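Notes follow once the structure below has been shown.
Owing to the predicted nature of the structure, the values given are computational and were not obtained by experimental measurement. Reminder, nothing fancy here: chain letters follow the sequence lines and each chain counts from 1. Side-chain atoms are counted along with the backbone in the values below, which use heavy atoms only and exclude waters and symmetry mates.
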2 protein chains.
Amino acid sequence: MAHDDVHPVSLTCGDCPIRHRAVCARCDVDEIEELEDIKYYRSFEAGQTVVWAGDKMDFVASVVSGIATLTQTLEDGRTQMVGLLLPSDFVGRPGRSGAAYNVTATTNILMCCFRKKPFEEMMERTPHIAQRLLQMTLDELDAAREWMLLLGRKTAREKIASLLSIVARRDAPLNHAAQTSEVTFDLPLTREAMADYLGLTLETVSRQISALKRDGVIVLEGKRHVSVPDMDRLLMEAGDDSDGGLLI
Amino acid sequence: MAHDDVHPVSLTCGDCPIRHRAVCARCDVDEIEELEDIKYYRSFEAGQTVVWAGDKMDFVASVVSGIATLTQTLEDGRTQMVGLLLPSDFVGRPGRSGAAYNVTATTNILMCCFRKKPFEEMMERTPHIAQRLLQMTLDELDAAREWMLLLGRKTAREKIASLLSIVARRDAPLNHAAQTSEVTFDLPLTREAMADYLGLTLETVSRQISALKRDGVIVLEGKRHVSVPDMDRLLMEAGDDSDGGLLI
DNA sequence: CGTAGTCTTGATCCACATCAATTCGTGTGG
DNA sequence: CCACACGAATTGATGTGGATCAAGACTACG
């Protein structure tokens, strides 16, 4: 397995899997060339910390592949996940020097980094970047607010069902995009990470997953592979029947 | 008391109390003039609903004065506040036709509205607006994430202390800006609204406020007026000693 | 005064946390 | 190939913080 920075990756933006969804999505050819000059890649192994809250962070970045998490902690160790970073998601805040959250690689990840200073300067001149970043930030804000409803008002069972819905929904296109029924996916998170996501303990997560299995809402093969025979049923269990947790 | 739209307010942007903090903060004179042409004011009384989630919303707006809330609800009536709108905060999302949340006036409020279409068109041409909106959205996202930590991991007492800290902090400049000790303010929210903010029941809110009073952390005069003899003590009670809940 | 809304306080209950073993799965070294 | 070790997950027993149910108390207002 690759160690951090041992195999400097090279990738041209034209071939980039997130070219059309990341912060650069709206950029035209000239702008992409300019970005190409200031970008570099870093990879992290599953479990590694990308940055600690409070540390100086001299870059911003897009997640190219893999999954990372944003977490906050209280002094006594209680921790809450506040963001789940999927490919194309953006890390770091232009105009702020320190990291506000812990960023941790959940799987092996590849990040496309931009040194902060040149990126900020370019953002000033390049409305396409600011516009896209605004869109993405508004989407994240909506997701955060949906998540607040989950944290504040849902039961443990509803929380688990909501999380499964979100992951299922995200992986759905990878399967047979059409049918709502019989979706299958791998959980990218440990029970503990799920607990931190949902504001529960890992024991409660485990119990509720067992309960959903017992009730036939989900089928497990191993600890991590899940199939959902009836997606509508799962959405019902999640509490917010309409759309399963994410705004369109 | 004024009814909705009965007394159309007129205010020039030059005299506007939120001129330097709202979405128009970065606009130069020309841009402000252009905004002045497409803006109009609406006022709402305490308790009135500004929009319902799902309704078509043909404007975006800034809160000029007063306080409003953003809430989400599950079908069975459980509700969670997901945003607290103070003067200068922005309502509505460019590029989306329906409202995502219920917006309710908590006090009498005055809003500076822009018809969505012209505003969106202007935003395309006017980086100053998009840039400012991006800043504001990033701030809101940080606040939402701090709030997620509160909802997911804090105890009822810590939640109440956190809320009081936030309100105290916001009102602090209005008092004698210097000292950390002896802060005084009015709660702008009912017990029920606080409960919806914090993911608690109103009974628990009431009990915890009584407990903080009993323990000398706060002093109440009437139901709504609070003074805090020792702000540091309150911050300790909030759990995150450093800054009381809001990033700088 | 009476009525309605807001708030407080008490008694009880229960969902989830906590504490404590097992079990499962995977990799490692003899 | 087995023994064992270690982390991840399950499952059980018990405790508790906050919800729920239910009276009252305070305030404002007609």
Could you verify whether a donor N or O on one side chain and an acceptor N or O on the other, from T201(A) and T204(A), lie under 3.5 Å apart?
-> yes
How is R224(A) classified with respect to the nucleic acid when contacts are heavy atoms under 4.0 Å: base, sugar-phosphate, or nothing?
-> sugar-phosphate
Within 45° of the ring axis of F59(B) and under 6.0 Å from its six-membered ring centre, is that where the NZ or CZ of R42(B) lies?
-> yes
Check each of V50(B), V63(B), V60(B) against V91(B) using the side chain to side chain contact (heavy atoms under 4.5 Å, CB included) test, and report the only one that passes.
-> V63(B)
Rounded to the nearest Å, what distance is computed from the NZ atom of residue K154(B) to the P atom of nucleotide dG18(D)?
-> 13 Å
L189(B) has an atom CG; how far is it from atom P of dT6(C), in whole Å?
-> 13 Å
Spacing of D76(A) atom CG relative to dA17(C) atom C1', expressed in whole Å = 14 Å
Enumerate the residues from residues 194-210 of chain B whose closest heavy atom to DNA chain D is under 4.0 Å, giving them by residue number; use none for an empty result.
-> G199(B), L200(B), T201(B), E203(B), T204(B), R207(B)
Give the rounded distance in Å between these two atoms: CG of L212(B) and P of dT9(C).
-> 13 Å
E158(B) CD - dG18(D) C1' separation (whole Å) | 14 Å
Considering heavy-atom distances to DNA chain C, does K223(A) or R157(A) have its closest nucleotide positioned more toward the 5' end?
-> R157(A)
NZ/NE/NH1/NH2 to OD/OE distance under 4.0 Å, E140(B) and R145(B) | no
Can you tell me the distance, in whole Å, between the NZ atom of K159(A) and the C1' atom of dA15(C)?
-> 11 Å
L187(A) CG to L220(A) CG distance, which is reported to the nearest 0.5 Å = 8.0 Å
Can you check the E192(A) CD to dT18(C) C1' distance for me, whole Å?
-> 15 Å
Mind calculating the distance between CG (L151(B)) and C1' (dG18(D)) to the nearest angstrom?
-> 15 Å
Are any of the side-chain nitrogens in D215(B) or R157(B) under 4.0 Å away from the carboxylate oxygens of its partner?
-> yes
